[in-house]
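Position 1 is the first residue of the sequence; numbering continues from there. Heavy atoms only: backbone and side chains are in, while hydrogens, waters and symmetry mates are out. Owing to the predicted nature of the structure, the values given are computational and were not obtained by experimental measurement.
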Amino acid sequence: MSDTSCSEAIPKVEPKGNVFKLLQLPVELVLIISEFLPQEDEVCLALTCTSLLCLLGDAKTMQLEPSAKETLLCRLEPEVPGVVYCHFCRKLVPFNGDAPAGIDGLRLNRLSPTQFANCACSSMVSFSGSSFKLPYYLARLATNYQLFGPEHGIPLSYLSYEYQHPYHTYVPLALQLPWSKIMVSRTETATAKLIDNELFISCTYKLFHEEADANALHRYIITTPFYICKHITVGALRRNTEYDVDLPTMTNSRPTDSRHQKTGSCHFCTTDWDTLVEWVDSKCGWVITVTTYHELGHCRSPYDRIWQDIARPPLRLGYRDAPRGAIKERWLRG
């Protein structure tokens, strides 16, 4: 094929003019179109250029209903670095993404900007007897980091920690047990993952007596029980529900059966758990290990059912949708 025929076959590309055809319509027609838009869409349209802002951005347009304001600000959140949407203040709040030194479960509040002082505890995942406390906005920041980029949140590593509990020296008198010095070593670790854009937390608690005293370890467990979630306790002297976890009897002598393992799920929130009570040796004695797996959801709203079921007090119980063992399986696969 000759050069002449080739050049004739290629159409000429004309320079593009104003590609925003909406601005070429009469003003009256643009106003009619805007009347059919939801409030948040009308504001987004007004923010596209100066001409539309002058036409549509009057005081009436900017007075949004609460739901429209939330939708608009959630749209702006991934576009503006260094801010996070607060559902309780209903505004975009600046945050500091710098990691505090020596962060652990008791120092997560160092990430708390002063703007959250009045609403940081409005919705929080925390379990009695555990140092893990996760306010909703930190969970949102961790998912924002993965969804929108580093300038929009905090790394998942900020939610991970290891903590050594101080010794609980004495058994409470109220239980009418003898005053007995107990040297129980208790460590706690937490790890966070994002699986299919959902936040998961796994906590591991490990307990043993420094002098391998099984009786003292048993007294510690029944007097200072801790919660797997808000619905299940481990080793409580008085069981609150039929779902609480019992631990086997521990003796100071080497047992015939030196390993007891259980696994289970909460019926009400997205939590699975494993317990392992194992005789190690005469120096260490019994070691109790409890591992929990929690699904916290997409963290797009503190009113999401998954977050509510695991964060709120167990006043109104509804059975969870996830099959038993599904949270642990997703964690291990993720």
Where do Cys299 and Ala139 come nearest, in terms of heavy atoms and distance? SG-CB, 3.7 Å

Say whether Ser130 and Glu188, considering side chains only, have a donor N or O and an acceptor N or O under 3.5 Å apart. yes

For a 4.5 angstrom cut-off between non-hydrogen side-chain atoms, does Leu76 reach Tyr85? no

Is Ser202 reaching over with its side chain to a backbone N or O of Thr292, donor-acceptor style, under 3.5 angstrom? yes

Going only through I, L, V, M, F, W and Y residues with side-chain contacts under 4.5 Å, is there a path from Ile306 to Leu141? no

Would a line drawn from the ring center of His294 to the ring center of Phe132 be shorter than 6.0 Å? no

For Tyr161 versus Ser131, what's the shortest heavy-atom pair and its separation? OH-OG, 3.4 Å

Could you tell me which non-hydrogen atom of Glu278 sits nearest to which non-hydrogen atom of Arg259, and how far apart they are? OE2-NH1, 3.0 Å

Smallest separation among heavy atoms of Thr270 and Ala322, with atom names: CG2-CB, 4.4 Å

What about Leu147 and Leu296, same hydrophobic cluster or not, with Ile/Leu/Val/Met/Phe/Trp/Tyr joined at side-chain heavy-atom distances under 4.5 Å? no

When rounded to the nearest 0.5 angstrom, what distance separates CD in Glu70 from NE2 in His87? 4.5 Å

Are Phe148 and Leu73 connected in a single hydrophobic cluster, I mean Ile/Leu/Val/Met/Phe/Trp/Tyr linked by side-chain heavy atoms less than 4.5 Å apart? no

Please tell me if the side chains of Thr275 and Ile288 come closer than 4.5 Å, counting only heavy atoms from C-beta onward. no

Spatial distance of atom OG1 (Thr233) from atom OH (Tyr227) [nearest 0.5 Å]: 5.5 Å

Hey, does Lys230 have a side-chain heavy atom less than 4.5 Å from the side chain of Ser126? yes

Within the structure provided, determine whether Arg186 and Phe208 are in side-chain contact (heavy-atom separation under 4.5 Å). no

Kindly check if the number of other-residue, nucleotide or ligand heavy atoms within 6.0 Å of CZ (Phe36) is above 12? no

Any sub-3.5 Å donor-acceptor pair from Lys193's side-chain atoms to Trp331's backbone N or O? yes

Give a yes or no on whether Val245 and Val184 share a hydrophobic cluster (residues Ile, Leu, Val, Met, Phe, Trp, Tyr; joining criterion: side-chain heavy atoms under 4.5 Å apart). yes

Treating Ile, Leu, Val, Met, Phe, Trp and Tyr as nodes and any side-chain heavy-atom pair under 4.5 angstrom as an edge, say whether Leu138 and Phe127 lie in one connected cluster. yes

Derivation of the side chain to side chain contact (heavy atoms under 4.5 Å, CB included) call for Arg300 and Arg140: CA-CA 7 Å; Arg300 297 299 87 195; Arg140 186 177 182 91; 3.7 Å; yes

Any salt bridge between Arg333 and Glu329, counting N to O under 4.0 Å? yes

State the CG-CD distance between Asn144 and Glu151, to the nearest 0.5 angstrom. 13.0 Å

With a 4.5 Å heavy-atom cut-off, do Ser123 and Phe88 have their side chains touching? yes

Separation between CG of Leu45 and OG1 of Thr48, rounded to the nearest 0.5 Å: 5.0 Å

Rounded distance [0.5 Å steps], CH2 in Trp286 versus OG in Ser258: 6.5 Å

Thinking salt bridges, do Arg320 and Asp309 make one under a 4.0 Å N-O criterion? no

More than 12 foreign heavy atoms under 6.0 Å from NZ of Lys206: is that the case here? no

Side chains of Leu217 and Leu247, heavy atoms from C-beta outward: is any pair under 4.5 Å? no

Leu52 side chain near Leu23 side chain, heavy-atom distance below 4.5 Å: yes

Is the backbone of Ser301 close enough, under 3.5 Å, to the side chain of Tyr136 for a donor and an acceptor to pair up by distance? yes

Spell out, as yes or no, whether a donor-acceptor pair under 3.5 Å connects the side chain of His209 to the backbone of Met183. yes

Out of curiosity, Thr187 OG1 to Leu207 CG, how far, rounded to the nearest 0.5 Å? 7.5 Å

Result for side-chain contact (heavy atoms from CB on, under 4.5 Å) between Leu156 and one of Thr191, Leu194, Thr143, Ile201 points to Leu194

Within a strict 4.5 Å, meaning less than it, do heavy atoms of the Cys229 and Ile232 side chains meet? yes

